[in-house]
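Worksheet: one structure, shown below.
Please read all numbers here as calculations on a predicted model, not as lab measurements.
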Amino acid sequence: MSHPPPALRPTSPVRWEMARHGAMRVPGVVFADEAMLPDDDGGTLGQVANVATLPGIVGASYAMPDLHLGYGFPIGGVAATDVAAGGVVSPGGVGFDISCGVRVIALPAARAELDDGALDRLADGLARHIPRGTGPGGLWTLGPDELDAILRDGAAHAVARGWGAEADLAVIEHGGRVADADPDAVGPVARRRGAAQLGSLGGGNHFAEAQVVAEVVDADAAAAFGLAADQLVVLLHTGSRGLGHQVCSDHVDAMGAAMAAHGISVPDRQLACAPVESAPGRDYLGAMSAAANFGRANRQVLTEGVRRAAREALGVADATVVADVSHNLAALEEHAVDGAQRTVCVHRKGATLALPPGHDGVPEPYRAVGQPAPVPGSMGTSSWLLAGRGGEAFASTCHGAGRARSRAKARKTWKGQALRTELEQRGIRVRAASSKGLAEEAPGAYKSADDVVAVCEEAGLSQRVVRLDPVAVIKG
DNA sequence: ATGTAC
């Protein structure tokens with residue numbers, strides 16, 4: 001950290017400003033209520049300040065209420081750089097799990113129609129059809145040509161090969177295919193790892209959950225999203241697995257080596273970056289987009305696992321994709337900056353696209369109500385589906401509950417087996433591959449997603465649409 | 001997050 005961060009000054013009950021100091025080019029802005037502000041023993045606010053020093057940054061270095069310490073950038077951070085003004089792109093501003101995100105799948109069944117046996121069968125089916133845990137093993141093992149096509153065309157290629165329906169693509173962010181992907185910028189190690197992992201969940205905070213629509217806050221938006229009270233959904237939270245991780249590592253190394261040549265110095269080596277309009281910048285963005293396509297294809301292939309489980313367990317005809325949005329991505333977008341339209345590179349790291357109603361980037365079926373933004377809760381607690389409102393922070397909102405205690409501390413405080421019993425006693429089925437992983441994901445290690453989404457609503461970033469309560473948790 | 005460390 002370059003300097004100790006100065007005190008945050010409230011400009012509203014849910015918005016705090018950090019004045020420019022040191023090498024900061026813009027102020028910091030944190031959306032949070034007083035209780036959820038980090039005390040910064042861990043340096044999270046110092047990371048907000050560090051990001052504000054990046055070349056070309058405009059507006060502010062933003063942080064969502066679920067912010068916590070990350071690699072270079074805080075998780076929950078949003079930073080936009082002006083491309084024509086030498087603005088940079090930084091792999092640390094996207095994160096290791098490129099295109100990590102959430103897919104919501106609606107099942108044509110209501111909780112009230114199902115007995116406990118049906119829910120047991122659904123949990124078992126999801127556990128059987130969704131590969132999980134670290135390491136290789138996915139639903140679709142890829143040869144080199146198929147991998148290239150996935151990196152170029154994302155979920156669209158998976159659908160073309162029979163993994164799902166054309167209609168699925170209409171509601172996925174960017175139509176399931178990120179433009180300007182450069183498969184050649186994805187190195188051989190990343191390719192090898194990815195070829196064996198398409199259609200797999202991973203570990204850590206990734207999960208599949210069967211959930212019920214427990215509260216409808218915005219009836220019009222819920223109807224537009226095709227969701228009704230008491231309806232069952234499945235939520236998938238996963239990303240680009242080892243492939244994205246390797247792409248991030250490779251390009252952090254490459255940029256670190258190239259920074260001096262571009263005359264860039266940063267207060268933390270984890271903020272390695274390069275101008276968007278430079279060879280290392282273009283290479284990273286091309287590889288990142290390819291990894292993002294892998295991430296969307298991963299969730300698309302897993303959706304077929306969900307459909308198989310639903311057909312077997314419930315006998316329901318089919319399951320409908322409601323939304324698929326990433327919360328770890330950089331994107332070139334047009335935004336008003338100081339009254340002028342500029343092309344900016346928006347880094348969202350643990351932050352979700354939240355375009356407002358009417359914006360032409362919102363999937364057409366939802367244009368009147370705004371971009372759907374799924375927010376996964378911590379294990380066994382509520383998740384949310386929001387609708388974007390634009391607002392500050394380049395049309396972004398939160399991405400989850402936000403970790404409040406480290407994995408190590410969680411392992412010391414909670415026991416996986418006891419957590420499993422507690423969840424089962426609350427009527428939530430648990431299918432977990434690792435007891436240690438369960439302890440690390442204890443709900444007590446996280447803030448409440450309910451509080452986080454309420455702050456985002458009060459700050460004008462997003463509107464709550466439905467609350468989703470878990471009935472079955474499937475984890476690596 | 002991750003074939004759970006340079």
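Remark: A/Arg177 engages A/Asp153 in a salt bridge (Lys or Arg N to Asp or Glu O under 4.0 Å) (not counting sequence neighbours).
Of the candidates A/Lys349, A/His347, A/Met64, A/Val78 forms a side chain to side chain contact (heavy atoms under 4.5 Å, CB included) with just one, namely A/Met64.
A/Gly239 comes within 4.0 angstrom of nothing in the nucleic acid, heavy atoms only. At the heavy-atom level, A/Arg192 lies under 4.0 Å from base atoms of the strands shown. Here A/Glu440 lies out of heavy-atom contact (under 4.0 Å) with every strand. A/Val247 comes within 4.0 angstrom of no nucleic acid atom, judged by non-hydrogen atoms across all strands.
Closest non-hydrogen pair, A/Arg25 versus A/Thr53, comes out as NE-O, 2.8 Å.
A/Arg152 and A/Asp182 are not joined by a salt bridge, as no carboxylate oxygen comes within less than 4.0 angstrom of a charged side-chain nitrogen.
Rounded to whole Å, the distance from CD on A/Glu441 to P on B/dT4 is 18 Å. Atom CZ of A/Arg269 is separated from atom P of B/dC6 by 13 Å (rounded to the nearest Å). In this structure, A/Phe96 atom CZ and B/dT2 atom P are separated by 12 Å, rounded to whole Å. For the pair A/Gln270 CD and B/dC6 C1', the computed distance is 13 Å after rounding to whole Å. Rounded to an integer number of Å, the gap from A/His237 NE2 to B/dT2 C1' is 14 Å. In this structure, CG of A/Leu243 is placed 12 Å from P of B/dT2, rounded to the nearest angstrom. In this structure, A/Arg407 atom CZ and B/dT2 atom P are separated by 9 Å, rounded to whole Å. Separating the CG atom of A/Asp253 from the C1' atom of B/dA5 is a distance of 13 Å, rounded to the nearest angstrom.
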